[in-house]
A.B. asks: 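First, the structure itself, so that you have it in front of you.
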2 protein chains.
Amino acid sequence: MDTLGKILVVDDEADILEFISYNLKKEGYEVFTASNGKEALPIAKKMKPDLILLDVMMPVMDGIETCKRIKADSDFNQTYVVFLTARSEDYSEIEGLDAGADDYIAKPIKPKVLVTRLNAILRRKIKEAASPSIKVKDIFIDRESFLIYRGEQKIQLARKEFELLFLLASKPGKVFTRENILEKVWGDEVLVVDRTIDVHIRKIREKLGDEYIGTVKGVGYKFEI
Amino acid sequence: MDTLGKILVVDDEADILEFISYNLKKEGYEVFTASNGKEALPIAKKMKPDLILLDVMMPVMDGIETCKRIKADSDFNQTYVVFLTARSEDYSEIEGLDAGADDYIAKPIKPKVLVTRLNAILRRKIKEAASPSIKVKDIFIDRESFLIYRGEQKIQLARKEFELLFLLASKPGKVFTRENILEKVWGDEVLVVDRTIDVHIRKIREKLGDEYIGTVKGVGYKFEI
DNA sequence: ACAAATTGTTATCTAATTGTTAAGTGTGTT
DNA sequence: AACACACTTAACAATTAGATAACAATTTGT
């Protein structure tokens, strides 16, 4: 089974870290840990977690401060931040939400509550994430109807061609390596020979016109801006 | 402006009732109140609120019990139930979700949180609420009479065929995956083989004509615009 | 209980999609 | 100019998805 998502857990108490980590892994999440805000930031940068679970009270850099920094970084505007607050520090709720946290969970943590809440939050996130349509130059790509328009003209692409074009068009100008493309369009189980991508690119060019997809020799393909 | 929706608030403390009621009315909702579950049920029956805000801890009939009764009543399968839980009673969160609640809000209540959450929930609901009849191209589908017209011509579809066509026609152009269709038309308990859908599609095409339902290979079916 | 209609399953067929191979083309390098 | 490299292109092969028909099971009406 594919992972449900990546979660970074930040707490200074090793046993709590262990406890949360265990429960989330059991549920199917990929879990990273850090024991304070200062440690957490570079890990977050690297691992791009879907959600960060942040203890409010920590030495070195507390949760509020960490949250503020995360929320200020555009790399993380897709990342949810959830606070762990001790029952007694109710005020943190306010401060935390001010700092940009998306939710909070009160200690002591009950595994079922934790997992239920995080599932709910991440489900919401996944739903919000997929942008349904893209417009670049005179090309309009709609995931909902699986249709592509060049201006007024409707263009019919096969499934793989569609996914491939959609990927390239999702970041116009960015070069995608073949490795990149294989991972995103084919998924990592299936193994397909490199030339296959070239052939699909060719088919798309045939149907769309040559001017939209550029080749960067030795690197990969991109949607020309 | 038309009312945003009807909300029934149930809580045994008069001042909380007053406080919530005030804030929701200010936002533009039509608000009814009750001070326990027993009172709430007949009011709910009569007023058909879009959402019921339910305190968990109440004398006479508590929120969990009330929620269960509401959810068991088919009159209310369009009604959302949101729990108000005191911070200290975390367990209720889970019990509440088990009882069929759609969401919960922790006390102490902050007006902004309350209003934001309810807005979000009701927006979702309005979107989901299917209009009783649909007209696309020359097809008219009426949920009330379970009849379909192509122009003047009356067309008789079997129940499943009707539901399937209704689903597709509810978002013309959008491609529904088989998974999608199974979930919406069959419901997730029933397990039916994929090909069954194909066969139903074929029946609909036979009766309606081939031009209305399109196949997107590798994805699913859609109502052609 | 029976007949009729609806709903679901399965097997076969067809066509489109997807993947592979190999020859071709162009560009840059020595 | 000869060569290597990387992509293009065409032809073809393999695979897969969906259409369709025939039939089985289930439900509904009488």
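Since the model is a prediction, treat every value here as computed from it, not as a measurement. Here is the naming used below: chain letters follow the sequence lines, and residue numbers restart at 1 for every chain.
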A.B. asks: Does His200(A) make a side-chain N or O approach to OP1 or OP2 of dG19(C) shorter than 4.0 Å?
C.D. replies: yes
A.B. asks: I want to know whether Phe176(B) and Tyr221(B) have ring centres closer than 6.0 Å.
C.D. replies: no
A.B. asks: Can you confirm whether Glu206(B) is buried at CD, in the sense that more than 12 heavy atoms of other residues, nucleotides or ligands lie under 6.0 Å from that atom?
C.D. replies: yes
A.B. asks: According to the interplanar angle, ranging from 0 to 90°, do the rings of His200(B) and Trp186(B) count as parallel (below 30°), tilted (30 to 60°) or perpendicular (above 60°)?
C.D. replies: perpendicular
A.B. asks: Report the residue (Glu206(B) or Asp210(A)) whose heavy-atom-nearest nucleotide on DNA chain D is the more 5′ of the two.
C.D. replies: Asp210(A)
A.B. asks: Between dA6(D) atom C1' and Ile201(A) atom CD1, what is the distance in whole Å?
C.D. replies: 14 Å
A.B. asks: To the nearest Å, give me how far apart CD1 (Ile197(B)) and C1' (dT9(C)) are.
C.D. replies: 13 Å
A.B. asks: Within the structure shown, what part of the strands sits under 4.0 Å from Tyr221(A) by heavy-atom distance: base, sugar-phosphate, or nothing?
C.D. replies: sugar-phosphate
A.B. asks: Looking across every strand, which nucleic acid part, if any, lies under 4.0 Å from Arg159(A) by heavy atom: base, sugar-phosphate, or nothing?
C.D. replies: sugar-phosphate
A.B. asks: Given that Arg202(A) and Gly220(A) both sit by DNA chain D, which one's nearest nucleotide is further toward the 5' end?
C.D. replies: Gly220(A)
A.B. asks: Less than 4.0 angstrom from a charged side-chain N to a carboxylate O is my criterion; do Glu161(A) and Lys207(A) meet it?
C.D. replies: yes
A.B. asks: Rounded to whole angstroms, how far apart are CD1 on Ile213(B) and P on dG18(D)?
C.D. replies: 14 Å
A.B. asks: Given dA19(D), is OP1 or OP2 found less than 4.0 Å from the side-chain N or O atoms of Thr215(B)?
C.D. replies: yes
A.B. asks: Over how many whole Å does the gap from Glu161(A) atom CD to dT17(C) atom P extend?
C.D. replies: 7 Å
A.B. asks: Whether Arg205(B) contacts dT20(D) is assessed here as follows: a side-chain N or O lying under 4.0 Å from the phosphate OP1 or OP2. Is that the case?
C.D. replies: no
A.B. asks: Would you say a side-chain N or O of Trp186(B) is under 4.0 Å from OP1 or OP2 of dT7(C)?
C.D. replies: no
A.B. asks: Between P on dA16(C) and NZ on Lys207(A), what's the gap in Å once rounded to a whole number?
C.D. replies: 11 Å
A.B. asks: Rounding to an integer number of Å, can you tell me how far Arg178(B) CZ sits from dT16(D) P?
C.D. replies: 16 Å
A.B. asks: The side chain of Lys203(B) is closest to which nucleotide in this list: dG26(C), dT8(D), dG8(C)?
C.D. replies: dG8(C)
A.B. asks: With heavy atoms under 4.0 Å as the rule, sort Thr196(B) into base, sugar-phosphate or nothing.
C.D. replies: base
A.B. asks: Rounded to whole Å, how long is the line connecting atom CD1 of Ile181(A) with atom C1' of dT18(C)?
C.D. replies: 16 Å
A.B. asks: Determine, for Arg143(B) against Glu163(B), whether the closest basic-nitrogen to carboxylate-oxygen distance falls under 4.0 angstrom.
C.D. replies: yes
A.B. asks: Among dT18(C), dT20(C), dG8(C), which nucleotide sits nearest the side chain of Lys160(A)?
C.D. replies: dT18(C)
A.B. asks: Among dT20(C), dT17(C), dT10(C), which nucleotide sits nearest the side chain of Lys217(B)?
C.D. replies: dT17(C)
A.B. asks: Using 4.0 Å as the upper bound for N to carboxylate O, is an ion pair formed by Lys171(B) and Glu144(A)?
C.D. replies: yes
A.B. asks: In whole angstrom, what separates Arg195(A)'s CZ from dA10(D)'s P?
C.D. replies: 16 Å
A.B. asks: Kindly point out which of dT17(C), dC7(D), dT7(C) is positioned nearest to the side chain of Asp198(A)?
C.D. replies: dC7(D)
